[in-house]
Amino acid sequence: MATSSIFANVKISTPKQIEMFVNAMDASLNDPAPTHDSPRQKVLDDPDAIRALLAKEKDKK
């Protein structure tokens, strides 16, 4: 699916364009975009901790 959509949107008609396309593909493989995984937060499952958190929120209002 992904490769078919790439070739549907890119028209390569000269040897220079082929070279530029291949160089861009090589560069993307050698230096991939960084991923921005957000750190996972611990799930609050202790009833007393939940009450304390809700009490803090209530006091802010």
Side-chain angles (χ1 to χ4, degrees):
M1 170 88 182
T3 55
S4 64
S5 64
I6 289 171
F7 292 118
N9 297 323
V10 176
K11 183 176 180 182
I12 300 173
S13 58
T14 67
K16 178 74 173 168
Q17 290 175 335
I18 293 170
E19 184 179 350
M20 290 171 55
F21 179 75
V22 170
N23 288 341
M25 295 294 285
D26 284 340
S28 71
L29 289 173
N30 293 333
D31 189 20
T35 58
H36 300 284
D37 295 332
S38 60
R40 291 189 169 232
Q41 293 183 348
K42 183 178 178 261
V43 174
L44 200 57
D45 59 359
D46 177 35
D48 293 329
I50 294 170
R51 282 188 199 97
L53 179 66
L54 292 175
K56 269 197 244 180
E57 290 298 317
K58 186 178 181 182
D59 291 341
K60 285 183 183 179
K61 293 180 182 179

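None of the values given here were measured: they were computed from a predicted structure.
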Could you give the side-chain donor-acceptor pairs of residues 23-30 under 3.5 Å, partners two or more places apart or in another chain?
residue, atom, partner, partner atom, Å
N23, ND2, E19, O, 3.3
S28, OG, M25, O, 2.8
N30, ND2, D26, O, 3.2

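With sequence neighbours excluded, the residues satisfying salt bridge (Lys or Arg N to Asp or Glu O under 4.0 Å) with D48 are R51. By the side-chain contact (heavy atoms from CB on, under 4.5 Å) test, A49 pairs with L44, D46, sequence neighbours left out.
Taking every heavy atom of both residues into account, Q17 and K11 meet most closely at OE1-O, 3.9 Å.
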